[in-house]
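Worth knowing before you read on, the calculation uses all heavy atoms, side chains too, and leaves out hydrogens, waters and symmetry mates. Keep in mind the model is a prediction, meaning the values are calculated, not measured. Here is how names work: the chains are called A, B, and so on, in the same order as the sequence lines, proteins then strands, and each is numbered from 1.
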Number of protein chains: 2
Amino acid sequence: MTAFLSALGERLGAAGLLVGGDLSAYERDWRKRYPGRALAVARPASTDEVAEVLRLCRQHRVPVVPQGGNTGLVGGSTPDDSGTQLVLSLARMKRVRGVDVANVSLSAEAGCALADVQAAAAAAGLLFPLSLASEGSCTLGGNLATNAGGTQVLRYGNARELCLGLEVVTAAGEIWHGLSGLRKDNTGYDLRDLFIGSEGTLGVITAATMKLYPQPRDRLTALAACASLDAAVALLGLARERAGDALTGFEVMSHAALALLARELPQLQQPTGAAAWTVLLEISDAESEAHARAVFEGLLEAAIERGCVQDAAIAQNLQQALAFWHLRESIPLAQAQAGLNIKHDIALPVSAIAPFVAEMDAALMAYLPGIAVINFGHLGDGNLHYNVQAPAGVAPAAFLAAHETAINELVYDAVQRRGGSISAEHGIGRLKRDELAARKDPVALGLMRAIKKALDPQGLLNPGRLL
Amino acid sequence: MTAFLSALGERLGAAGLLVGGDLSAYERDWRKRYPGRALAVARPASTDEVAEVLRLCRQHRVPVVPQGGNTGLVGGSTPDDSGTQLVLSLARMKRVRGVDVANVSLSAEAGCALADVQAAAAAAGLLFPLSLASEGSCTLGGNLATNAGGTQVLRYGNARELCLGLEVVTAAGEIWHGLSGLRKDNTGYDLRDLFIGSEGTLGVITAATMKLYPQPRDRLTALAACASLDAAVALLGLARERAGDALTGFEVMSHAALALLARELPQLQQPTGAAAWTVLLEISDAESEAHARAVFEGLLEAAIERGCVQDAAIAQNLQQALAFWHLRESIPLAQAQAGLNIKHDIALPVSAIAPFVAEMDAALMAYLPGIAVINFGHLGDGNLHYNVQAPAGVAPAAFLAAHETAINELVYDAVQRRGGSISAEHGIGRLKRDELAARKDPVALGLMRAIKKALDPQGLLNPGRLL
């Protein structure tokens, strides 16, 4: 290892290689669930330096853990505790390489913070719509490696749908110059989408060209109270039909989720009262505020008439709109305050959501009376954060120790029966690797393993993650 | 081969295997550019039968050419003339398996004609937006295997962007059950997008789940006369800004293209006169015809004010709208009537289009004075059909024989210098295989070959195409 580290230090310089000292910022994720120990931390400043790192790793057979903002939720970007894995941080590669206004696209390096990508687009009068809670620290490279989702997926898609081209360093230390501003390119296999979502196991993304969009003239937000999840799904259909692509947000919160919020964060106002389900709708309008408001009012009137909405409130100003979003975004914090819980990030066909929730809620109550389901998420995408908390009076830690495995099995079995996904937007990493091996279509797993072997024959790229 | 054919006949029955007789419908493409000779034609009726065919091919080392509607333009779906390749026609697998209205999705088999997929969506009150000239005979499987484009890509994307999940038979004859109605699924490598656009070289697509959309309330079409390509690009930016996602079509036609149309098809009316560039715009509105018209009028007024449009005509009724589209869609026919020409299906960043065309037109005139460039295409996607015709008085066949290679080199070199693609939507097949090998990023080619070897180690799937 001495030879490896000294060769690495020679190539990267003092700023580019951290050996010894306090490496904890690189060795554990921000939730501190996956602490590890790194052999060292490489911090290359250019794509050529990333290629040098990977060539040396290959030569010395050193496993590499690529890392962006280290905000992932599944343990994909921190080293294990063997002390043999090199962390490859993209933090110094954070340049926006350029904005092409006429092509409505932008190129930036992997270590560029998502908020900085958004800001560069805004400075050119355009919108980069990817938006996540961690956008201040998560990076474009990490967003792509995990195919990040967030709150604007309904209209603009995941990170994958926003990407036009990639620059990637392969396991062999070669650079694929795949940056591209093209909307159409049918010249061979779709390598771009193969690297997107591969969690650093097939190559290291060093830069990307991303789609931008015109800034909407106005955004309007509303809360709607629905008597059932079926009614919320009907509202989604109606909203799609009447607002078309202007519908950019459709989030759902269960009664239990809002009740938890009222208990844990009583300072937050809840304008629509105690509905069984509350939907947050957002419309982004290309014309004017008046037009957006007319569309929204027409939609909500029609929804009340059809019986899928009982009550609704349209935000009167930006501050109120932010307050509505803040309600939705504070649920995880309220959950954290209430103690540990069993998190699920599942996706289902929208048509399967209501029956799944009815079946699952009943099964969990039968399994453990008094159990609390905190259910919320991106209903427009079929993505629920179906989280499960201990019954009142039961210590969360003891609850998790006793029931996490059984509850995961109940939930994932039901998800699988209905053609769903056990990881809608968070990825696999270390957290769900065994679950994936047990549940994924075996032919798909075989294909994935063949691809991994073809592209990383020595198995040095983020080993133990995903596959 | 006798053992192979008799085993195959046993599995597929008389309707499922054609040996001998007139197989020409399967042996040559519809433009008759790639005639070949098949060992036989397998016509499986189910996914299990496709798997049987591929297992037998593997066992007997028989190369397979998957075939859908056989409407491709690059020779990807017909056998070579060796008489050793089995054509695997998906024509009997044409069932729409189901429409999920609440999930706004549809599942259909690979052999289902595109028009039948559109009709099934329409019958459920929804829109399947993929639309091509050959939609009456091209098939969903072929659309996906080639990542087909068409006229609605600007808003809805290529076949790739419309696909949620696939069912695929691998080279080993295994079935990957990847049909899925999920909008989000981060459980491993993106196999779906790897098979899409792989032209039958990695596996055989047998069915797909596709996204549907709400039917727009109204569609309006306009023609706008622009003084330059720069002005047309400025109009595109303005239209995006003002119409947002309602902008579903933005096609461009050069003066020479419309002049050719006037000569060859004089019965077609050309309402905007002899502009340097004519743009066809389409707006699909979720609200009403009145709203669409107001948006369009506002947009065109603003465009005239800014000087990017000289004159414009909004279609007054559906018939006129169809006539506008008919103009655009008749250019290839006018070209065919005028004789052979050198076709290019190129993509460029939108910002590079005007300088590319200026440079290329000048270079071609310098190369051969009097040469005619018939330039038209999907400007909104950066995709031009930059076709080149013989100077007046020169026989087309002689022109092609003498100049095709040199002109392709001129065009493709310039495309490459500007970060473009030599195949925007038609694919590679046999036509551009050597061009791809010479021009594609060598690291990308290496990755593609590694993937091909991993998924089809015997090289039996559509050999000689793409790679």
Side chain, backbone, both or neither: which part of [X] has an atom under 4.5 Å from a heavy atom of chain A?
X	result
B:K452	both
B:A243	backbone
B:I175	backbone
B:V168	neither
B:E425	both

Heavy-atom closest pair (A:K184 atom, B:H378 atom, distance to 0.1 Å) is NZ-CD2, 3.2 Å
Taking all non-hydrogen atoms of both residues, which atom of B:V233 and which atom of A:A102 are closest, and how far apart? CG1-CB, 4.3 Å
Counting distance only, does the side-chain N/O of B:N186 pair as donor-acceptor with the main-chain N or O of A:G197 below 3.5 Å? no
Within this structure, what is the [atom1]-[atom2] distance for the pair [X] and [Y], rounded to the nearest 0.5 Å?
X	Y	atom1	atom2	result
A:L455	B:Y189	CG	OH	8.5 Å
B:R217	A:R242	CZ	CZ	6.0 Å
B:E435	A:T187	CD	OG1	11.5 Å
A:S180	B:D441	OG	CG	11.5 Å

Is the shortest heavy-atom distance from the side chain of [X] to the side chain of [Y] under 4.5 Å?
X	Y	answer
B:H291	A:H291	yes
A:N383	B:R183	no
B:D193	A:D190	yes
B:I451	A:L194	yes
B:T170	A:L447	yes

For the pair A:R155 and B:D245, find out whether any cationic side-chain nitrogen is under 4.0 Å from an anionic carboxylate oxygen. yes
Is it true that B:D185 and A:S421 share a donor-acceptor pair across their side chains at a distance under 3.5 Å? yes
Contact leader toward chain A among B:A450, B:G419, B:G382, B:A444, where contacts are heavy-atom pairs under 4.5 Å: B:A444
Chain B interface, residue from A:K432, A:E241, A:E174, A:E287 that has the most non-hydrogen pairs under 4.5 Å: A:E287
Note: vs chain B, highest number of non-hydrogen pairs under 4.5 angstrom among A:A424, A:P214, A:P349 is A:A424
By a 4.5 Å heavy-atom criterion (distance strictly below it), what part of A:S284 contacts chain B: side chain, backbone, both, or neither? neither
